[in-house]
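Please read the structure below before turning to the comments.
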Amino acid sequence: MFTSLRDRSVIVTGASKGIGRGIARRFGEAGCQVLVVARTVASADTVAQEIVGAGGRAVAFAGDVSQLPDMRAMADKAVTVFGGIDILCANAGIFPASPLESMTEADFDRVMDINLKGTFFAVSACLGAMKQRRRGRIILTSSITGPITGYTGWSHYGASKAGQLGFMRTAAIELAPHGITVNAVLPGNIATEGLADMGPDYISSMEGAVPMKRLGSVSDVANAALFFASDEAAYITGQSLAIDGGQVLPESPAAMMS
Ligand code: NAP
């Protein structure tokens with residue numbers, strides 16, 4: 001269906017579990033060389049070894065997206081071991097709940113540092129290598145929460161995820177002349193380790209709120225990321241795609257009764 005992505009070099013941040021792990025494995029299956037990034041080399045290496053075990057090529061790298069030197073070292077590593085950078089999936093993110101009344105400055109800053117500033121650091125660190133190739137694909141993992149919806153306890157998180165889209169739109173304009181596209185996937189409620197931490201009540205209420213009546217899988221998100229990375233998506237930039245089983249569609253609970 002799509003031109004092969006075989007041998008393309010891809011960096012996936014936050015790839016030790018959840019959506020990032022699903023994206024890394026999907027790109028590995030597609031024949032890409034994958035740099036699997038998480039905060040510890042042990043957790044990243046587990047996923048790198050899964051990819052290698054399935055016949056793919058992957059290398060682990062330990063880096064914190066909120067630290068610019070780590071992101072620069074990450075980009076250098078990809079250039080050293082893969083010869084360049086074709087695709088960046090800036091996926092690492094956290095979603096700790098904190099009601100507005102008790103939210104501290106430190107709570108707010110931590111979410112912004114990882115989710116929003118981390119996006120900026122990862123992207124800016126990879127730009128030099130992408131510009132050299134005169135092509136590139138940047139795929140951000142945002143969320144429906146913030147850009148489209150709100151949820152109690154996540155005002156800082158929603159701001160960070162909406163902020164990623166504001167960042168994306170200007171980055172897309174600036175990078176278009178270099179053949180680099182910047183797009184975003186907006187997951188709804190996806191079955192991941194991070195979501196499991198929200199507890200069974202949260203999960204069953206979300207299943208009830210999705211017209212498809214199930215949580216999404218990490219593959220659902222990874223397939224969308226793969227499309228944005230393809231040659232066929234060359235003329236798409238600055239766009240966002242919700243992968244949410246229709247969760248944002250119902251006008252009211254009554255819209256779900258059928
Ligand atoms: P998850 O299961 O908690 O996994 C988070 C990943 O991010 C882990 O690999 C973690 O690795 C890594 N990470 C966390 N902080 C990091 C940092 N400072 N530097 C580098 N890596 C870091 O989360 P998820 O559910 O897959 O979510 C992934 C992304 O999707 C996030 O951006 C999230 O906002 C977004 N999202 C998720 C959902 C959902 O339903 N799950 C919905 C909408 C959006 P280590 O802990 O090993 O470092």
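When a ligand or atom number is given, it counts from 1 through the structure's own listing order. For the numbers below, each heavy atom of this structure counts, side chains included, while hydrogens, waters and symmetry mates do not.
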_Gln247 (side chain) donor-acceptor with Gly188 (main chain) under 3.5 angstrom_ = no
*Determine, for Glu50 against Arg25, whether the closest basic-nitrogen to carboxylate-oxygen distance falls under 4.0 angstrom.*
yes
*Examine Tyr157 together with Phe108 and report whether their ring centres are nearer than 6.0 Å.*
no
*asked:* Can a donor-acceptor pair be found, under 3.5 Å and without considering hydrogens, that links the side chain of Asn183 to the backbone of Gln239?
replied: yes
*asked:* Checking the side chain of Glu193 only, and the main-chain atoms of Gly18 only, is there a donor and an acceptor separated by less than 3.5 Å?
replied: yes
Find all protein N or O atoms under 3.5 angstrom from an N or O atom of ligand 1 and list the pairs with distances, or write 'none'.
{"from": "ligand 1", "atom 1": "2 (O)", "to": "Gly194", "atom 2": "N", "distance (Å)": "3.1"}
{"from": "ligand 1", "atom 1": "9 (O)", "to": "Gly14", "atom 2": "O", "distance (Å)": "3.2"}
{"from": "ligand 1", "atom 1": "9 (O)", "to": "Ser16", "atom 2": "N", "distance (Å)": "3.1"}
{"from": "ligand 1", "atom 1": "9 (O)", "to": "Ser16", "atom 2": "OG", "distance (Å)": "2.7"}
{"from": "ligand 1", "atom 1": "9 (O)", "to": "Lys17", "atom 2": "N", "distance (Å)": "3.4"}
{"from": "ligand 1", "atom 1": "11 (O)", "to": "Ser16", "atom 2": "OG", "distance (Å)": "2.9"}
{"from": "ligand 1", "atom 1": "18 (N)", "to": "Asp64", "atom 2": "OD1", "distance (Å)": "2.9"}
{"from": "ligand 1", "atom 1": "19 (N)", "to": "Val65", "atom 2": "N", "distance (Å)": "3.0"}
{"from": "ligand 1", "atom 1": "25 (O)", "to": "Thr192", "atom 2": "OG1", "distance (Å)": "2.7"}
{"from": "ligand 1", "atom 1": "26 (O)", "to": "Ile19", "atom 2": "N", "distance (Å)": "2.8"}
{"from": "ligand 1", "atom 1": "32 (O)", "to": "Asn91", "atom 2": "O", "distance (Å)": "2.8"}
{"from": "ligand 1", "atom 1": "32 (O)", "to": "Lys161", "atom 2": "NZ", "distance (Å)": "2.9"}
{"from": "ligand 1", "atom 1": "34 (O)", "to": "Tyr157", "atom 2": "OH", "distance (Å)": "2.6"}
{"from": "ligand 1", "atom 1": "34 (O)", "to": "Lys161", "atom 2": "NZ", "distance (Å)": "3.0"}
{"from": "ligand 1", "atom 1": "40 (O)", "to": "Gly188", "atom 2": "O", "distance (Å)": "3.2"}
{"from": "ligand 1", "atom 1": "40 (O)", "to": "Ile190", "atom 2": "N", "distance (Å)": "2.7"}
{"from": "ligand 1", "atom 1": "40 (O)", "to": "Ile190", "atom 2": "O", "distance (Å)": "3.4"}
{"from": "ligand 1", "atom 1": "41 (N)", "to": "Ile190", "atom 2": "O", "distance (Å)": "3.3"}
{"from": "ligand 1", "atom 1": "41 (N)", "to": "Thr192", "atom 2": "OG1", "distance (Å)": "3.2"}
{"from": "ligand 1", "atom 1": "46 (O)", "to": "Arg39", "atom 2": "NH2", "distance (Å)": "2.7"}
{"from": "ligand 1", "atom 1": "47 (O)", "to": "Ser16", "atom 2": "OG", "distance (Å)": "2.7"}
{"from": "ligand 1", "atom 1": "47 (O)", "to": "Ser43", "atom 2": "OG", "distance (Å)": "3.1"}
{"from": "ligand 1", "atom 1": "48 (O)", "to": "Arg39", "atom 2": "N", "distance (Å)": "2.8"}
{"from": "ligand 1", "atom 1": "48 (O)", "to": "Arg39", "atom 2": "NE", "distance (Å)": "2.8"}

*Kindly say whether Ala44 contributes a backbone atom to a donor-acceptor pair with the side chain of Ser16 at under 3.5 angstrom?*
no
